Amino acid sequence: MRQRVLKYFNADPNHFDVVFVANATAGIKLVMEGFRDHEGGFWYGYHQDSHTSLVGVREAAKAGQRCFMTDAEVTTWLEDGGETGSSNIGNDLLLFAYPAQSNMNGRRLPLSWPKRIRSCSHGEKIYSLLDAAALVSTSPFDLSVADAAPDFTVVSFYKVFGFPDLGALIVRKESAAPLTQRSYFGGGTVDMVTCGIQNWHIKKQGSLHEQLEDGTLPIHSIIALDNALNTHARLFTSIDCVSHHVTFLAQHLYEHLAALHHYNGQRVCKIYKDPFSTYTDSKTQGPIIAFNLSNSLGHFVSNTEIEKLAAIKHIQLRSGGLCNPGGIASSLGLTPWQLERNFTAGHRCGTENDIVEGRPVGMLRVSLGAMSNLKDVENLLDFLAEFFVDKADSSQVIDTLRSREVAFSVESLTIYPIKSCGGWPIPYGIGWDLREEGLAWDREWCVVHQAGTRQALSQKKYPKMALLRPTIDLDSGLLRVRFDGPQPLLTPLEITLPLNVDSTLSTANSQDCRPTASSVCGDLIQADTYLAKNIADFFTNTIGTPCTLVRFPSVAAGLSERHSKAHLRSVGNTQVERPILLSNESPVLTISRSSLNRLNEQIKAKDGKAANASVFRANIIIAEDHASRPGCEKPYIEDDWKSLMIGNAVRLDVLGPCRRCLMVCVDQSTAEKDEEPFVTLAKTRRKEGKVYFGVHTALSSGQKHPKKIKVGDRVLPCRTDQESGVSG
Ligand SMILES: *Cc1c(COP(=O)(O)O)cnc(C)c1O
């Protein structure tokens, strides 16, 4: 396989050796170890476009380091003879590293540098390390001229073939010396070792790879590589064909992305392309496009939101910092102090707040490979046109009917005794307690992972939780939890728990609880864990992951102070802090039937699957009175509401709009996922990249005692003077 790998890169076995490693990063670390263990240390130069894995080498460079910001800086440096300004001239090693292709935007860097580095006239020998991980997946890479080749080249085979998980460090034998100075040895790289009074060892002296491959080789992966090469050749003929194919696709995609405009002429995509590279020239540009989107007002759209929407459309995008710190910072114009400030302000790679002070802190990246086709490219373009290009006709439709008053009433009340599990409708005619922290028994329980983080489970990841249907049985004082899916082995379809913690009703010791810290939506919460094995088993077997039930009793449930740690969180734009239980953002989630009707009309107009009200997991559904004339419904009028009077004496404050995630795509009766209603919501109810439906509400502060509300109660909304914030 070593021979075959060398042949694949046109490398002469007389001049090159292959060291198998786990991945490109491991290859880079192996080079770093050799240089680090050199007595005088080493100086390290690297290009700004480097992958994080190349950047990290600088931490071991005791004799100095330099980050080259541009290609021109590298060229000037080479023309000046490779001056390093290193402190102990003559005693240190010099290493220059750069990527053959930027993993950020696919720009291809000159492959002529290793030769020029080698022939640098004055000073010591400078070694070259080429990170070819991104390049080789869509480009031929040729080592036939050993004199012009990098001293060290790293690749990851899974990036070329998809499989196996294996990488290689290709070493120019003539330049191998620094690597053999590595002090570490392990099984495989040593011939003889003694331990005890006298410590000595003799390292393997054979071929280079024998000296560098510590431990057992990934034998099966190496064998599989043979098949991967064969299969790749059978499917794609050659890497040259792949290169032609992806160059064509990338060019097509680039042209069309660049041509996307909003109705007012504003550009949709900001593409981060180097001015000197072109998508028609595979020497300067690989088939990768990095970009950000902005709306017709010129405001950037949140990448995490785009990624969510793309995911339901089966489009795989990468977003964020892309493991390329230098490239990102220079393309986005972020200075080190801004990056530091953003970090302090809570921005992390992969978090949701990816726009800071109106500027993106990351990018979107699309990569094309051997198996991409024109259809994929068209899909992406259609997707962007459908969701992110503002059309002229989407400007405000002025709803003159809004000013007319209509009467409302409570259509239904639902509680979710176990967070993220099924809802239980409060029967007609029963007045239900509403407190500041929400409706009685709402989200008082929660399922958490049994080990490790003890994180709360969510339907987003475990849709089957929708089939766990709790019922409050007030007559017998029990919470019944029924599983409405296929019965798992040795598991009953229903369990019961006493509602009252101090209950003497229960015979099982299911009420035995132990206080434990659990994490719900990122907050640590002190909750009581049920110790009974049958309870943990029930949830584990029905949901299909090791988990158990915890209880977070409400303040007013007559329990000790220890339990009353209702945590505080501000909601929406309001600065009010309120106690809440495990419901995500507010005590009571309220939606409007008319809004849902409007949404479903829009979904059905596109042959989509209408959404059942249950997917929004609201506590209160408010409907307009049947008496209102046909065609006079007031969808989304709740955007303007400030507060609600329910019945005669219960006032609810409207805290703000409810931001939606992909969980609304889980059908609550079958636990199956659909792309609706999120897709239509994203088109009709998106503001600053966030998708809204329904409003967060809470019992107005000051109303300390629990109030009762029931299905059928009249609702009197009080509206703000301003127009709605959310618009089409
Ligand atoms: C992917 C990539 C790496 C890291 O590869 P691993 O297989 O994760 O070690 C390094 N450099 C570039 C340019 C890459 O694209």
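On a predicted model such as this, the values are computed, not experimentally measured, just so you know. We count ligands from 1, going down the list as the structure has it; atoms in each ligand are counted the same way.
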With a 3.5 Å cut-off and sequence neighbours excluded, list the donor-acceptor pairs that the side chains of residues 11-21 form with protein atoms.
| residue | atom | partner | partner atom | Å |
| --- | --- | --- | --- | --- |
| D12 | OD1 | N14 | N | 2.8 |
| D12 | OD1 | N14 | ND2 | 3.3 |
| D17 | OD1 | H209 | ND1 | 3.0 |
| D17 | OD2 | H209 | N | 3.1 |
| D17 | OD2 | H209 | ND1 | 3.0 |

Self-check item: Any side-chain heavy-atom pair of R36 and H38 under 4.5 Å
Solution: no
Quiz item: Checking side-chain hydrogen bond (donor to acceptor under 3.5 Å, both in side chains) for the pair H47/E73: CA distance, chi angles, key distance, verdict?
Solution: CA-CA 9 Å; H47 194 285; E73 246 184 64; over 6 Å; no
Quiz item: Can you list the residues that meet the salt bridge (Lys or Arg N to Asp or Glu O under 4.0 Å) rule with E386, with sequence neighbours excluded?
Solution: K683
Practice problem: For N303 and N292, run side-chain hydrogen bond (donor to acceptor under 3.5 Å, both in side chains): C-alpha distance rounded to whole Å, both residues' side-chain angles, the deciding distance at 0.1 Å, then the answer. | Solution: CA-CA 8 Å; N303 287 337; N292 271 307; 2.9 Å; yes
Practice problem: Any salt bridge (charged side-chain N to carboxylate O under 4.0 Å, His left out) involving residues 24-34? Give me the pairs, sequence neighbours left out, ordered by first then second residue. | Solution: E33-R182
Practice problem: Run through ligand 1 for me and note each protein residue having a heavy atom under 4.0 Å from it, chain first, then residue number. | Solution: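 Its neighbours under 4.0 Å (heavy atoms only) are N23, A24, T25, H51, Q101, N103, D131, A133, A134, S156, Y158, K159, given by chain and number.
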